[in-house]
Amino acid sequence: MSLKQHTEELKQLIDQQHIQFVETEGPIDKKDHAFFDKVKKETKPMFNLNNSWRDEAEAFVKNRKATVHPNQVKSTHENIEMIILHSYYLDIHRKRFKELFQSAHYVLDMILDDLNK
């Protein structure tokens, strides 16, 4: 899969996680093993996609004249990990979640813009 496809998939993924965060009633019992297993199973492909995107985006940014810097790729990767986890555990404030969400979208959009040049 290409960087463009991974980037578009990540945008859809964080949109879905944002909806889940907003619509889920919390808080979640962090000691619930069944819930932990469910989260682990559901998030594994999300983390794999995010890791693949990071590897491709780092190579793209390093080898081309992109408006995104390598540290932005790293930060976005970490922000997306937090979005994924917090959308299940609901353990941060809405404002912070929204900041992570908007920041990730901003960098993903910048990468798509660079790819379309």
Side-chain angles (χ1 to χ4, degrees):
M1 207 182 301
S2 72
L3 175 58
K4 183 176 183 176
Q5 289 171 308
H6 279 138
T7 304
E8 289 170 348
E9 274 192 40
L10 270 181
K11 284 182 57 141
Q12 291 175 352
L13 169 70
I14 64 175
D15 286 346
Q16 292 166 353
Q17 299 313 112
H18 181 260
I19 291 168
Q20 180 172 315
F21 179 82
V22 170
E23 292 182 351
T24 303
E25 295 293 323
I28 303 298
D29 178 12
K30 293 180 182 176
K31 296 177 183 169
D32 182 348
H33 292 291
F35 182 73
F36 174 79
D37 290 338
K38 173 187 179 238
V39 169
K40 189 174 175 182
K41 181 180 177 188
E42 288 181 12
T43 60
K44 185 174 182 178
M46 297 178 201
F47 285 116
N48 290 341
L49 171 64
N50 192 30
N51 291 338
S52 296
W53 173 83
R54 178 200 54 213
D55 296 343
E56 292 173 1
E58 284 176 345
F60 174 73
V61 168
K62 193 185 315 178
N63 297 329
R64 302 213 12 185
K65 292 183 179 179
T67 55
V68 176
H69 297 281
N71 62 341
Q72 287 176 292
V73 171
K74 183 177 185 276
S75 295
T76 301
H77 175 263
E78 292 169 359
N79 288 348
I80 292 171
E81 285 183 337
M82 291 195 297
I83 289 169
I84 292 168
L85 287 174
H86 292 309
S87 68
Y88 283 91
Y89 286 102
L90 311 172
D91 53 359
I92 63 171
H93 293 287
R94 283 182 183 255
K95 182 180 180 203
R96 177 69 180 133
F97 189 90
K98 189 171 185 170
E99 289 168 354
L100 293 170
F101 175 76
Q102 289 174 334
S103 176
H105 257 294
Y106 178 75
V107 173
L108 294 173
D109 287 337
M110 286 174 58
I111 293 236
L112 287 175
D113 288 346
D114 287 341
L115 287 167
N116 290 326
K117 287 182 182 174

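Everything numeric here is computed off the predicted structure, so don't read it as measured data.
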#### Entry: Criterion side chain to side chain contact (heavy atoms under 4.5 Å, CB included) on L108 and I14, from CA distance to verdict
CA-CA 11 Å; L108 294 173; I14 64 175; 4.1 Å; yes

### Query
If only atom types and distance count, is the side chain of N50 paired as donor or acceptor with the main-chain N or O of M46 below 3.5 Å?
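The answer is no, because no donor-acceptor pair under 3.5 Å joins these two groups.
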
Which salt bridge (Lys or Arg N to Asp or Glu O under 4.0 Å) pairs, counting each pair once, include a residue from [range], with sequence neighbours left out?
{"range": "residues 101-117", "answer": "K11-D109, D114-K117"}
{"range": "residues 85-96", "answer": "K30-D91, R96-E99"}
{"range": "residues 49-60", "answer": "none"}

### Query
What ring-ring contact (aromatic ring centres under 6.0 Å, His included) pairs are there with at least one residue in residues 51-80, not counting sequence neighbours?
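Non-adjacent pairs meeting ring-ring contact (aromatic ring centres under 6.0 Å, His included): zero.
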
Is there a side-chain contact between [X] and [Y] (heavy atoms, below 4.5 Å)?
{"X": "N51", "Y": "E81", "answer": "yes"}
{"X": "Q17", "Y": "L13", "answer": "yes"}
{"X": "H6", "Y": "L10", "answer": "no"}
{"X": "L85", "Y": "F47", "answer": "yes"}

What residues form a side-chain hydrogen bond (donor to acceptor under 3.5 Å, both in side chains) with [X], not counting sequence neighbours?
{"X": "K40", "value": "none"}
{"X": "S75", "value": "none"}
{"X": "E42", "value": "Y88"}
{"X": "K4", "value": "N116"}

### Query
Once you round to the nearest 0.5 Å, how far does CD1 of I84 lie from NE2 of H86?
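Reported value, rounded in 0.5 Å steps: 11.0 Å.
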
### Query
Just how far is it from atom NE2 of H18 to atom NZ of K98, taken to the nearest 0.5 Å?
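Taking NE2 in H18 and NZ in K98, the distance rounds to 6.5 Å.
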
Closest approach of [X] to [Y] (non-hydrogen atoms, all atoms of both residues):
{"X": "N79", "Y": "S103", "value": "ND2-OG, 3.5 Å"}
{"X": "A57", "Y": "L3", "value": "N-CD1, 3.8 Å"}
{"X": "I83", "Y": "F97", "value": "O-CE1, 3.6 Å"}

### Query
Listed by chain and number, what are the ring-ring contact (aromatic ring centres under 6.0 Å, His included) partners of H105, not counting sequence neighbours?
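Listed in chain order: F101.
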
#### Entry: I92 with I19, same ILVMFWY side-chain cluster at under 4.5 Å
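No, no single cluster joins them.
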
